[in-house]
Q: 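Below you'll find the structure I mean.
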Amino acid sequence: MKYTKLNKIHKQLNAKLVEFAGFEMPVYYTSIVEEHQAVRKNVGMFDVSHMGEIFIYGPDALKFVQKITINDASKLIPGKAQYSAMCYENGGIVDDLLVYKLENGFMLVVNASNKDKDFEWMKKNITDENVQILDRSDDYTLIAVQGPKSAETLKSLVNFDIYELNYYTFKYGKILNTDAIISRTGYTGELGFEIYFESNEEQAIKIWNSILESGNQYNIKCCGLGARDSLRLEMGYCLYGNDIDENTNPLEAGLGWITKLDKDYFIGKEALLKIKQEGLKRQLKGFELIDKGIPRHGNQIFFENKNIGFVTSGTQSPSLNKPIGLGYFEIDSVDETSIFEIDNRGKRLKARLTKIPFIQK
Amino acid sequence: MLIPEDLKYTKEHEWIRVEGNIGTIGITDFAQSELGDIVFVDLNKNKTELKQGEVFGTIEAVKTVSDLFAPVSGKIIEFNSSLESNAEIVNKDPYGEGWMIKIEISDLKELDNLLDAEAYKALIGK
């Protein structure tokens with residue numbers, strides 16, 4: 001088992017801990033719903049140090065990032081970040097990730113569960129490029145501070161004007177005298193920041209507690225992976241392993257907006273062009289249940305007794321107080337007026353399509 | 001973790017409170033804390049008779065779903081209808097307002113197959 005530098009804090013706070021991607025991580029401290037609401041209404045903080053940080057340096061860093069990711073990294077200037085993905089030659093997804101453009105290279109932030117696989121994939125795909133790839137995941141602590149009061153919570157703890165940061169930009173700054181990359185990014189749909197820093201355990205705990213203290217006036221809550229999941233799902237954000245994986249492609253997953261097929265080359269481009277030309281066979285869509293219940297990953301979807309798809313994610317939306325989910329639907333199998341069924345442990349639950357994001361932001 | 005002395009427990013984390021031949025059934029404090037936020041309690045209303053160990057409903061939490069098992073055999077005499085609109089009461093008060101069904105116990109001897117508070121405590125390692 002691996003532990004983040006904040007593990008002692010989670011234990012002190014009596015969090016419900018689980019093994020996730022090899023790390024002992026908190027699912028919730030008090031309640032998923034309460035933590036979810038704290039982020040929507042005020043502010044919440046997450047230890048997401050399990051995420052992977054892979055650095056790419058060298059004269060051909062851009063060329064290499066362009067080759068392995070599907071979004072256009074040439075659009076980035078230092079201080080800007082971008083949501084992207086890596087694909088296999090057949091268009092299946094290796095991982096989704098954030099690409100940060102540094103002064104002298106790139107930082108790729110990848111899913112914890114995929115980190116080793118990603119690192120191997122990157123190394124394997126170096127051909128003639130002059131690049132160095134470094135896996136620095138174990139060195140970095142990553143704290144996400146998310147919610148309408150996140151800027152106010154952090155403003156006195158950082159050494160620059162936090163309000164200057166625009167969406168998907170970042171700054172090298174300091175938090176409590178510790179060097180940090182502070183970026184206005186997140187996985188919740190709210191105003192929010194992600195703080196990457198290298199420190200020992202003591203300093204990591206000090207930073208965590210300072211944020212907690214500063215956010216106290218806004219009723220800040222420590223939040224676990226449970227709330228992280230329900231928050232992202234209300235926004236319709238994909239989760240690798242649930243909604244996307246090596247058997248799904250970015251076009252059917254609704255990630256066409258990051259799939260830059262006009263780029264010269266990237267791994268998977270040819271396959272994705274072909275998929276686009278031939279037309280999508282299925283599409284990731286959002287739905288809500290009319291009946292009571294919670295759709296679960298793997299539930300099959302039926303319309304007029306025909307199996308037309310499957311559920312990839314589901315939860316009881318704390319904001320809407322109704323069950324919502326994402327799933328792949330055969331193309332043109334249902335429309336907004338259709339009432340279809342989700343098979344949940346042998347029970348058929350009525351459902352209908354709904355817009356993504358599920359909540360209006 | 002609350003484990004009241006006067007109740008009997010199943011290995012599947014239900015409790016039963018016996019008064020005469022009437023048993024009130026719910027899930028334990030440990031069970032609710034493991035499940036996390038409970039969203040629905042779906043009691044099988046078509047059932048009138050239960051056998052020991054039989055499923056009498058399911059409980060859906062945000063993260064997971066779990067079956068509910070009858071601690072003893074008997075005839076169902078009451079469902080806790082307030083759970084339909086207020087399932088989270090199971091999180092807040094698992095041994096009180098969060099009760100689920102009441103049954104008329106058909107064979108009091110079946111209670112001997114259940115765990116007492118001490119054995120239940122050992123089971124969950126507290």
Side-chain angles (χ1 to χ4, degrees), chain A residues 14-20 25-38 221 223-234 239 242 288-299 311 313-325 342-349, chain B residues 1-3 12-13 27-47 53-70 79-94 96-98 100-101 121 123-126:
Chain A
N14 229 346
K16 164 105 179 115
L17 298 164
V18 291
E19 193 257 314
F20 181 78
M25 298 299 288
V27 200
Y28 58 85
Y29 298 83
T30 56
S31 133
I32 294 175
V33 176
E34 281 174 31
E35 291 162 23
H36 181 109
Q37 303 291 19
K221 270 191 152 289
C223 303
L225 297 181
R228 185 169 158 84
D229 187 51
S230 55
L231 287 158
R232 71 90 195 168
L233 186 48
E234 283 187 345
L239 172 63
N242 272 42
E288 61 182 34
L289 289 194
I290 300 162
D291 288 332
K292 269 192 174 185
I294 298 185
R296 304 284 184 188
H297 180 79
N299 286 172
V311 175
S313 287
T315 195
Q316 172 79 0
S317 158
S319 300
L320 304 170
N321 201 24
K322 63 184 173 196
I324 58 168
I342 309 288
D343 187 297
N344 183 284
R345 302 184 0 133
K347 244 189 189 177
R348 293 286 181 95
L349 305 170
Chain B
M1 202 63 66
L2 275 171
I3 308 172
E12 291 81 23
H13 312 288
I27 64 162
T28 66
D29 192 21
F30 176 76
Q32 71 76 20
S33 86
E34 286 295 302
L35 287 165
D37 294 88
I38 292 163
V39 184
F40 307 117
V41 179
D42 189 8
L43 300 172
N44 194 345
K45 298 260 168 92
N46 304 323
K47 280 258 172 216
E54 198 179 350
V55 172
F56 67 89
T58 58
I59 189 159
E60 292 255 11
V62 173
K63 283 277 94 182
T64 186
V65 57
S66 177
D67 284 325
L68 297 163
F69 298 93
F79 294 98
N80 184 355
S81 57
S82 71
L83 297 181
E84 280 169 29
S85 56
N86 190 20
E88 66 267 27
I89 196 72
V90 179
N91 287 122
K92 291 184 188 124
D93 191 8
E97 285 185 60
M100 289 167 186
I101 55 170
K121 201 169 169 178
L123 175 82
I124 63 173
K126 295 285 162 185

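Side-chain atoms are counted along with the backbone in the values below, which use heavy atoms only and exclude waters and symmetry mates. In what follows, chains are A, B, ... by sequence order, proteins preceding strands, each numbered from 1.
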Q: What donor-acceptor contacts under 3.5 Å connect chain B and chain A, backbone and side chains included?
A:
residue, atom, partner, partner atom, Å
Ser33(B), O, Tyr28(A), OH, 2.4
Glu34(B), OE1, Lys16(A), NZ, 3.0
Glu34(B), OE2, Lys16(A), NZ, 3.3
Asp37(B), OD1, Ser31(A), OG, 3.3
Asp37(B), OD1, Ile32(A), N, 2.6
Asp37(B), OD1, Val33(A), N, 3.4
Asp37(B), OD2, Ser31(A), OG, 2.8
Asp42(B), OD2, Lys347(A), NZ, 2.2
Glu60(B), OE1, Arg296(A), NH2, 2.7
Ala61(B), O, Arg296(A), NH2, 2.7
Val62(B), O, Arg296(A), NH1, 2.9
Lys63(B), NZ, Asp229(A), OD2, 3.4
Thr64(B), O, Arg296(A), NH2, 3.0
Asp67(B), OD1, Arg345(A), NH2, 2.5
Glu84(B), O, Lys292(A), NZ, 2.6

Q: For Val39(B) and Ile294(A), work out which heavy atoms get closest and say how close.
A: CG2-CD1, 4.0 Å
Q: If I compare all heavy atoms of Pro323(A) with all of Phe40(B), which pair ends up nearest, and what's the gap?
A: CG-CZ, 4.3 Å
Q: Is it the case that more than 12 heavy atoms not belonging to Glu54(B) sit under 6.0 Å from its CD atom?
A: yes
